[in-house]
Every structure is written in structure tokens, then in C-alpha cells.
Amino acid sequence: TYGLAESVDVSFSAPYLLNRVEGEETQKVLGDVALGLKWRFLEADALHLAVAAEIAAPTGKDEKGLGAGRTGYDATLIAEYAIGDWTAFANAGYSYADNLADERKNIWHTAIAAEYAFSEQWAANVEWNAERNADASASRHPMNLATGVTFSPSEAFDLDLGYSVGLNDAADDYALSVGVTFHF
């Protein structure tokens, strides 16, 4: 993420995916890369509102389920409310997920989260999220509950570790994520 101005950020994402399916060789591959833009259009005391847009290029292995195979688009409305060491987040968005897998292309997504900053370097968070199932034949939509920690050894660097569990049979059973953010 890079700040173009005080209220405008540009982002680049290049996910490295590790996918293990029973009975198959583990896939390790670069997923679909994405370029995004976020505009914080309201900053009033503790309340901040923003809109984000993203375009994803089909760079992942779509034949292995590790990429869409076509360009995708996303727009999300983001709200943040901070009081002391606590911050609450909410977002809702829409993705046009063009793909070669005969999946749904119009996907809604939503999340609510809370974060507690223990110190200048450490924070813990919890998040509930849901999205429309990409499987066109499915009537249940995936819901997850995630928790994680963020370590910020400096203003220029964050390291995130998260664990997510599926709340219904439409969601993945679990996921482990690691993220690195550089602030310029």
C-alpha cells in the first residue's frame, strides 16, 4: 500500500498460495495479482469512511482452482470507528468475479471486526465475514470467524498472523494466513 495523498492509497497484492487437497500434490503458486485504490472521503473524529476499488489480473493457475482465469473487479464501502485502544470495522462490497470455472460472477461480501491495541507494537483482532457462494448450485453462503495478531516493530512494517474457521458447511474448515505490509 502506498499513500498517493493524505486520503488516497494505492495498493498492490501478489498472493502466494499453498493449496493441499487430499490425494493430490500440494500446489504452491502465485495467485491472481491485484491493483487497488482506496479513498477516505470522511474523517470526522472517531468515524472514518472510505471506498475501495480493485482490479485483479488472471495470473494464477485457474486450471488448479488457484486463480480466476479472467480479470475481476471489486468495490467495497469501509467504515471504521475508534475509541481509545479499541477499533471497530465494518465493510460491505460487491465483486464481479469473471471466471472460467462456471461459477457465479456477481458476489456480495460483508464483514465486521474489532481490534484491540495492546501497545504501539501489538494488536489482536477478531472478524466475522460472509460472502455469496461462488458455486451457482449452492444455496448456503460461506461464513467464517477469524482471529489474529499484528506485530508492528516499526512505522514502516507490519506482520500479521491469522486463523479462520468455517461457521457452516459452505465455508472452508480452517485457514491460516500470514501477511506482511510495508508502509512507505
Pairs in or reaching into residues 126-147: which pass ring pair (Phe, Tyr, Trp, His ring centres under 6.0 Å), with residues at least two apart or in two chains? W108-H141

Contact check, side chains of S7 and W39, non-hydrogen atoms, under 4.5 Å: yes

Non-hydrogen side-chain atoms of R104 and R132 separated by less than 4.5 Å: yes

If you look at every heavy atom in A134 and E103, which pair is closest and at what distance? O-CB, 3.3 Å

side-chain hydrogen bond (donor to acceptor under 3.5 Å, both in side chains) pairs, two or more places apart, involving residues 41-50: R40-E43

L37 with I78, same ILVMFWY side-chain cluster at under 4.5 Å: no

Is there a path of hydrophobic side-chain contacts, each under 4.5 Å between heavy atoms, that joins L77 and V8? yes

Closest approach of G166 to A171 (non-hydrogen atoms, all atoms of both residues): CA-CB, 3.6 Å

Partner set under side-chain contact (heavy atoms from CB on, under 4.5 Å) for Y96, not counting sequence neighbours: Y73, Y94, D98, K105, N106

For S137, side-chain contact (heavy atoms from CB on, under 4.5 Å) partners two or more places apart: D135

Run V165 and N144 through side-chain contact (heavy atoms from CB on, under 4.5 Å) and show every step you take. CA-CA 6 Å; V165 294; N144 297 282; over 6 Å; no

Sequence neighbours excluded, the answer for side-chain contact (heavy atoms from CB on, under 4.5 Å) partners of T87 is E80, A82, F89

Listed pairs under 3.5 Å, donor-acceptor, residues 145-152 side chains, sequence neighbours left out:
from, atom 1, to, atom 2, distance (Å)
T147, OG1, N125, O, 3.0
T150, OG1, D160, OD1, 2.5
S152, OG, D158, OD1, 2.6

Side chains of D85 and F118 in contact at under 4.5 Å (non-hydrogen atoms): no

Hey, what do you get for CG (D32) to OG1 (T71), rounding to the nearest 0.5 Å? 8.5 Å

Any residue meeting side-chain contact (heavy atoms from CB on, under 4.5 Å) with L42, in chain and number order, not counting sequence neighbours: A44, L47, L49

Residues in side-chain hydrogen bond (donor to acceptor under 3.5 Å, both in side chains) with N91, at least two apart? none

Side-chain heavy-atom pair T181, L159 within 4.5 angstrom cut-off: no

Decide whether V33 and Y16 are clustered together by the hydrophobic rule: side chain heavy atoms of Ile, Leu, Val, Met, Phe, Trp, Tyr closer than 4.5 Å, transitively. no

According to ring pair (Phe, Tyr, Trp, His ring centres under 6.0 Å), who are the partners of F12, at least two apart in sequence or on a separate chain? none

Scan for side-chain hydrogen bond (donor to acceptor under 3.5 Å, both in side chains) pairs involving residues 162-178, sequence neighbours excluded, and state none if there are none. none

Within the 4.5 Å heavy-atom criterion, are S95 and H109 side-chain neighbours or not? yes

At their closest point, which heavy atom of N133 faces which heavy atom of A170, and how far apart are they? ND2-CB, 3.8 Å

Is it the case that T76 and D74 place a side-chain donor and acceptor less than 3.5 Å from each other? yes

Once you round to the nearest 0.5 Å, how far does CG of D9 lie from CG of L4? 7.5 Å

Not counting sequence neighbours, which residues clear ring pair (Phe, Tyr, Trp, His ring centres under 6.0 Å) with W86? List them please. Y116

